[in-house]
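Structure first, commentary second.
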Amino acid sequence: FDQAPPKTEIITLTSHVLSQQQRHPIATGDLTLLLTAIQTTCKFISTNVRRAGLLNLIGQAGSSNIQGEDQKKLDILSNDIMINSLRASGKCAVLVSEENEEPIFIDTAHRGRYCVVFDPLDGSSNIDAGVNIGTIFGVYKCRDDSEGTLEDVLRPGSELQVAGYCMYGSSANLVISTGQGVNGYTLDNGIGEFILTHPNIRIPSRGKIYSFNEGNSLFFHEPVTQYLESIKFPSNGKPYSARYIGSMVADVHRTLLYGGIFGYPSDKKSKNGKLRLLYEGYPMAFLVEQAGGLATTGTERILDIKPTDIHQRCPVFLGSKDDVEDVMRFHQ
Ligand code: P6P
């Protein structure tokens with residue numbers, strides 16, 4: 001048999017993170033254990049999302065979250081799973097969830113050195129339509145002299161240790177960065193492991209796709225209108241393609257892999273846009289920058305923003321470096 005053996009290098013998320021973390025001389029294994037809790041949560045949520053229709057989990061839960069949005073049963077379930085799993089890990093001190101008005105301060109018995117900000121099931125308005133949705137998370141380490149306070153999570157995204165998302169679609173794709181580039185893993189339901197399928201994701205320097213909700217065009221500020229005109233009616237006669245799913249995880253995942261630009265700008269209706277800074281803006285900006293792209297409000301690097309409220313919103317333009325720089329030029 002002179003054929004080369006098939007490349008069956010099965011690297012799991014757990015072993016990959018362990019190997020990356022072990023390079024840090026001061027690694028205690030705490031972050032690895034926290035990431036294990038996060039991936040277990042994603043596996044659990046994936047199972048429930050996949051079976052939602054069968055278990056009649058789809059539909060309203062009859063309550064609404066602090067954003068005033070109708071809560072779906074899966075939202076509540078995913079949030080409960082994530083909070084319980086993170087608390088049980090014993091590695092967290094403060095949790096911030098899109099579904100909870102106040103931060104969650106972990107009791108002493110279960111307290112650790114990390115703070116996790118997350119949207120347990122982003123894009124949930126798409127659940128009933130079977131459109132891809134996802135969990136988005138970011139991890140801060142408590143400041144040295146802190147046991148875990150609000151100030152530990154009101155920090156610029158540039159201080160995150162980890163950022164990632166898990167997209168629930170035809171398969172469960174977990175994309176994560178610990179500050180050494182971006183890696184993508186696909187859940188093998190047969191063995192219950194996330195397998196490394198997209199090592200070292202790099203976003204193309206320029207793409208051919210733009211992803212905005214143009215239903216808001218009436219309210220767009222002039223720089224956004226002019227930017228969109230420039231790629232829809234370009235002098236080279238080659239307009240960009242429009243792709244908009246309306247689920248941030250799905251739109252960002254496509255942008256990471258194919259390049260181009262995703263934008264949810266501020267407009268005359270929403271002065272800071274719609275997306276939340278801590279658990280949507282920061283994690284996605286962290287990942288895109290780690291993959292070689294940029295993430296801006298139009299005038300400011302998203303990761304540099306100092307937050308004042310855990311649920312504050314921010315305008316978002318992110319994606320290929322050249323495309324984001326084009327947008328910034330229209331905001332000068
Ligand atoms: P619109 C989903 O509700 C979400 O928070 C993001 O996942 C998504 O990018 C955005 O809102 C979609 O908002 O106004 O275009 O429906």
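Order of appearance sets the numbers: ligands from 1, and atoms from 1 within every ligand. Position 1 is the first residue of the sequence; numbering continues from there.
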For [X], the ligand 1 atoms whose distance to one of its heavy atoms is below 4.0 Å:
X: G246; value: 2 (C), 8 (C), 12 (C)
X: K274; value: 1 (P), 3 (O), 10 (C), 11 (O), 12 (C), 13 (O), 14 (O), 16 (O)
X: G123; value: 2 (C), 7 (O)
X: S247; value: 7 (O)
X: M248; value: 6 (C), 7 (O), 8 (C), 9 (O)
X: Y244; value: 1 (P), 12 (C), 13 (O), 15 (O)
X: N213; value: 1 (P), 14 (O), 15 (O)

Contact with ligand 1 for E280, non-hydrogen, under 4.0 angstrom: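 Yes, E280 has heavy atoms under 4.0 Å from ligand 1.
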Can you tell me if D251 contacts ligand 1 (heavy atom of the residue under 4.0 Å from the ligand)?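 Flag not set, D251 not near ligand 1.
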Do Y165 and H253 pass the ring pair (Phe, Tyr, Trp, His ring centres under 6.0 Å) test, and can you show the C-alpha distance, the side-chain angles, and the key distance before you say yes or no? CA-CA 9 Å; Y165 60 80; H253 189 66; 5.7 Å; yes
For the 3.5 Å polar cut-off, considering only N or O atoms, please tell me whether N216 and ligand 1 meet it.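 N/O-N/O distance under 3.5 Å: no.
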Give the ring-plane orientation class for F212 versus Y227, where under 30° counts as parallel, over 60° as perpendicular and anything between as tilted.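 Correct class here is tilted.
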Indicate the ring-plane relationship of H311 and Y279, choosing parallel, tilted or perpendicular according to the 30° and 60° boundaries.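 Because their plane-to-plane angle is over 60°, the rings of H311 and Y279 count as perpendicular.
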Donor-acceptor pair, distance only, cut-off 3.5 Å: does the side chain of D188 make one with the backbone of I191?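 Flag set: sc D188 to bb I191 pair under 3.5 Å.
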Is D267 reaching over with its side chain to a backbone N or O of N216, donor-acceptor style, under 3.5 angstrom?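 Not confirmed, D267 side chain does not pair with N216 backbone.
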Return the option from N126, D122, D119 holding the heavy atom at the smallest distance from atom 6 (C) of ligand 1.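 It is D122 that holds the nearest heavy atom.
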Quick one: do N173 and T186 satisfy side-chain hydrogen bond (donor to acceptor under 3.5 Å, both in side chains)? Show the steps, please. CA-CA 5 Å; N173 287 283; T186 304; 3.2 Å; yes
Which pair of non-hydrogen atoms, one from N183 and one from N200, has the smallest distance, and what is that distance?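 Looks like OD1-N, 2.8 Å.
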